[in-house]
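This report concerns only the one structure given below.
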Amino acid sequence: MHKIETRTIAPVSALRGEILVPGDKSISHRAIMFASLAEGRSRVRGLLRGEDCMSTLAAFQTMGVDVVEETSGDLLIDGRGLGGLQEPDTVLDCGNSGTTMRLMSGILSGQPFFSVLTGDQYLRRRPMGRVIEPLTAMGARISGREQSRKAPFAINGGQLQPFEYRSPVASAQVKSAILLAGMQVEGVTTVFEPHRSRDHSERMLRFFGAEVTSFDGGASVRGRASLTAREVDVPGDISSAAFFLVAGLIVPGSELLLKNVGINPTRSGIVDILQAMGGNIELLNQRELSGEPVADLLVKSSELHGIEIGGELVPRAIDEFPVVSVAAACAEGVTTISDAKELRVKETDRIAAMCDTLRSIGADIVPLDDGMRIVGGKPLQGGEVDSFGDHRIAMSMAVAALTAEAAVSIRDTGCTATSFPNFWDILADLS
Ligand code: S3P
């Protein structure tokens with residue numbers, strides 16, 4: 001559990017400087033998982049030391065994976081191969097992390113032993129039927145709370161069949177869970193999805209030597225795969241950079257350089273959204289790191305205007321809608337976000353949470369069933385708001401506070417440690 005800490009953020013006049021955001025959360029989880037399942041010792045540089053990724057690391061350590069941390073901060077992970085994990089002798093606690101729980105379900109479904117997954121009060125409320133159902137259809141025996149739709153749940157793995165799955169949701173966690181199960185059985189497993197979700201699993205599995213094909217509408221893997229240890233460089237997290245992209249745009253006179261940020265096209269929807277709103281963001285020094293595209297992002301304060309957001313753009317920016325709603329509240333005109341019902345089942349119901357918090361400091365924002373409608377340009381006031389224990393709500397409200405007319409106090413900010421442990425330090429250094 002994190003500290004229930006209230007922080008007060010005062011308005012600022014301009015933000016200037018260079019920022020190195022921490023490692024990408026999604027890529028860090030996968031680096032730990034695939035290195036643990038590979039043959040040999042992998043080196044991971046730039047891993048995010050957030051609580052979510054530490055939950056993944058602890059789970060593999062419980063299953064016998066040895067990990068050494070060098071003084072440089074690099075992690076050395078001694079993989080045990082696909083068949084080398086040990087049955088955990090205790091419950092695996094995924095904390096607040098949906099990625100840990102859903103991807104681990106896929107991995108554990110292929111392992112010939114018993115395991116139990118649980119999480120914190122927020123994760124135990126989130127839908128797990130979306131992975132449990134297809135994994136059960138592949139042959140895993142899983143039983144859990146609420147007719148096997150919620151954690152805690154127990155998995156008896158092994159003896160899977162290859163599978164062809166049409167996912168009703170564009171979810172990288174669902175897609176990855178099925179591919180990770182499929183990777184452990186002879187034959188080809190394919191997942192189709194309604195819109196393309198983030199493809200870090202596909203890229204990194206290929207990087208570790210698995211036969212994975214990405215195509216328009218989905219991905220497939222050929223099992224039984226064999227992964228070979230690699231050196232992985234984790235790029236900075238665009239979802240963490242997003243807070244400073246919006247801050248740099250809405251605080252007049254700002255100029256920020258965000259270095260070494262992952263710009264995978266399945267994640268870079270936030271850049272497209274903010275540019276479409278009139279934001280001045282330049283991508284500099286574009287390059288590739290361990291199979292992932294990376295750039296430095298230069299952002300300068302801009303006059304923003306409202307836009308309509310929906311369709312394939314939504315999964316490409318799924319974690320950024322809290323901070324997009326802040327940008328929209330500071331833009332001229334109307335922004336409508338639709339096709340984003342998934343926001344209701346994130347760490348919290350992010351549609352309700354952002355509407356409540358932003359409205360309480362003066363924004364004109366109303367919830368829609370599948371998104372929200374924001375009439376921008378009304379000055380934001382000071383006040384006191386709740387994070388609802390959701391890291392991205394806490395950081396979004398800190399960004400909103402930077403342009404408010406008076407200070408905003410945010411309750412329960414310890415949750416930012418799940419994805420961005422030094423967020424408050426970076427913010428304090430800039431302002
Ligand atoms: C993630 C996928 C997304 C995202 C989450 C991380 C991943 O979730 O919201 O923060 O690492 O695969 P969904 O798969 O539920 O869309």
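- A 4.5 Å side-chain heavy-atom check between Pro265 and Pro293 finds at least one atom pair inside the cut-off.
- Side-chain contact between Met395 and Val323: absent, with no pair of heavy atoms (C-beta onward) separated by less than 4.5 Å.
- Between Ala400 and Ile361, the closest heavy-atom pair is CB-CD1, 4.3 Å.
- In the displayed structure, Arg287 atom CZ is contacted under 6.0 Å by more than 12 heavy atoms of other residues, nucleotides or ligands.
- Salt bridge Lys25/Asp237: absent, no basic N to carboxylate O contact under 4.0 Å.
- Using a 4.5 Å heavy-atom threshold, the side chains of Gln184 and Ser109 count as separate.
- Put simply, CD1 on Ile32 and OG on Ser42 are 11.5 Å apart, with the number rounded to the nearest 0.5 Å.
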Could you check Asp356 against Asp386 for side-chain contact (heavy atoms from CB on, under 4.5 Å), going step by step and ending with a plain yes or no? CA-CA 9 Å; Asp356 268 20; Asp386 211 311; over 6 Å; no
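- Of the N and O atoms on the side chains of Ser239 and Glu320, at least one donor lies less than 3.5 Å from an acceptor on the other residue.
- Although no hydrogens or angles enter the test, the distance criterion places no donor-acceptor pair under 3.5 Å between the side chain of Ser301 and the main chain of Pro252.
- Of all non-hydrogen atoms in Gly306 and Ala331, the two that sit nearest each other are N-CB, 4.0 Å.
- The structure places CD1 of Ile318 at 5.0 Å from NZ of Lys346, a figure rounded to the nearest 0.5 Å.
- Using modelled atom types, no side-chain atom of Gln111 and backbone atom of Gly157 make a donor-acceptor pair closer than 3.5 Å.
- Atoms CZ and CD1, from Arg373 and Ile365 in turn, are 11.5 Å apart once rounded to the nearest 0.5 Å.
- Within 6.0 Å of atom CZ in Arg145, more than 12 heavy atoms from other residues, nucleotides or ligands are found, so the atom counts as buried in its surroundings.
- Although no hydrogens or angles enter the test, the distance criterion places no donor-acceptor pair under 3.5 Å between the side chain of Ser176 and the main chain of Gln173.
- Screening Asp74, Asp78, Asp233 against Arg43 for a salt bridge (charged side-chain N to carboxylate O under 4.0 Å, His left out) leaves a single residue, Asp74.
- Remark: Arg230 is positioned above the aromatic ring of Phe207, its terminal NZ or CZ atom under 6.0 angstrom from the ring centre and at most 45 degrees off the axis.
- Rounded to the nearest 0.5 angstrom, Asp272 CG and Met277 CE are separated by 13.0 Å.
- The shortest distance between side-chain heavy atoms of Lys341 and Asp369 falls below 4.5 Å.
- Salt-bridge annotation for Arg45 and Glu231: present, with a side-chain N of the basic residue lying under 4.0 Å from a carboxylate O of the acidic one.
- In terms of heavy atoms, Leu48 sits closest to Ser419 at CD1-O, 3.4 Å.
- The closest donor-acceptor contact from the side chain of Arg102 to the backbone of Arg130 lies at 3.5 Å or more, if one exists at all.
- With hydrogens and angles ignored, the 3.5 Å screen pairs a side-chain donor or acceptor of Thr418 with a backbone N or O of Cys415.
- If you take OG on Ser148 and CE on Met128, they are separated by 13.0 Å, rounding to the nearest 0.5 Å.
- Proximity of Asn422 to Pro22: side-chain heavy atoms (C-beta onward) are separated by under 4.5 Å at one or more points.
- With hydrogens and angles ignored, the 3.5 Å screen pairs no side-chain donor or acceptor of Thr99 with any backbone N or O of Ser26.
- Atom CD of Glu303 sits in a sparse spot, with 12 or fewer heavy atoms from other residues, nucleotides or ligands closer than 6.0 Å.
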Is there a side-chain contact (heavy atoms from CB on, under 4.5 Å) between Ile426 and Leu20 once you walk through the steps? CA-CA 9 Å; Ile426 293 182; Leu20 197 58; over 6 Å; no
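- With rounding to the nearest 0.5 Å, the separation of CD1 in Ile337 from CD in Glu308 is 11.0 Å.
- Contact detail for Val251 and Ser13: the closest heavy-atom pair is CG1-O, 3.6 Å.
- For the residue pair Ser387/Thr413, the side-chain donor-acceptor check at 3.5 Å is not satisfied.
- Considering only heavy atoms from C-beta on, Val221 stays 4.5 Å or farther from Leu180 through its side chain.
- With contacts defined as side-chain heavy-atom distances shorter than 4.5 Å, the pair Leu82/Met183 qualifies.
- Ser167 has its side chain within reach of Val169: a pair of non-hydrogen atoms, C-beta onward, lies under 4.5 Å apart.
- A salt bridge links Asp319 with Arg198: the closest approach of a Lys/Arg side-chain nitrogen to an acidic carboxylate oxygen falls below 4.0 angstrom.
- Heavy atoms only, all atoms of each residue included: Ser28 and Gly23 are closest at OG-C, 4.3 Å.
- Under the 4.0 Å criterion applied to side-chain N and carboxylate O atoms, Glu288 and Arg203 are not assigned as salt-bridge partners.
- Lys175 contributes no side-chain N or O that, together with a main-chain N or O of Glu193, makes up a donor-acceptor pair within less than 3.5 Å.
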Go through the steps to decide whether Ile273 and Phe321 satisfy the test side-chain contact (heavy atoms from CB on, under 4.5 Å), and finish with yes or no. CA-CA 10 Å; Ile273 289 171; Phe321 286 102; 4.3 Å; yes
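- A perpendicular orientation is assigned to the rings of Phe244 and Phe420, their planes being inclined by more than 60° (bins at 30° and 60°).
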Under the side-chain contact (heavy atoms from CB on, under 4.5 Å) criterion, do Leu108 and Leu92 qualify, and how do the steps go? CA-CA 11 Å; Leu108 293 168; Leu92 300 174; 3.9 Å; yes
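- Side-chain atoms of Ser338 do not come within 3.5 Å of backbone N or O of Gly310 as any donor-acceptor pair.
- Formation of a donor-acceptor pair under 3.5 Å by the Arg126 side chain with backbone atoms of Val345 is found in this model.
- Panel note: side chain Asp296, backbone Asn260; a donor-acceptor pair is recorded below 3.5 Å.
- Counting heavy atoms of neighbouring residues, nucleotides and ligands inside a 6.0 Å radius, atom CD of Glu69 exceeds 12 of them.
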Test side chain to side chain donor-acceptor pair (under 3.5 Å) on Arg316 and His195 and set out the steps. CA-CA 9 Å; Arg316 294 182 51 230; His195 288 298; over 6 Å; no
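- Of all heavy-atom pairs between Gly248 and Leu15, the closest is N-CD1, 4.5 Å.
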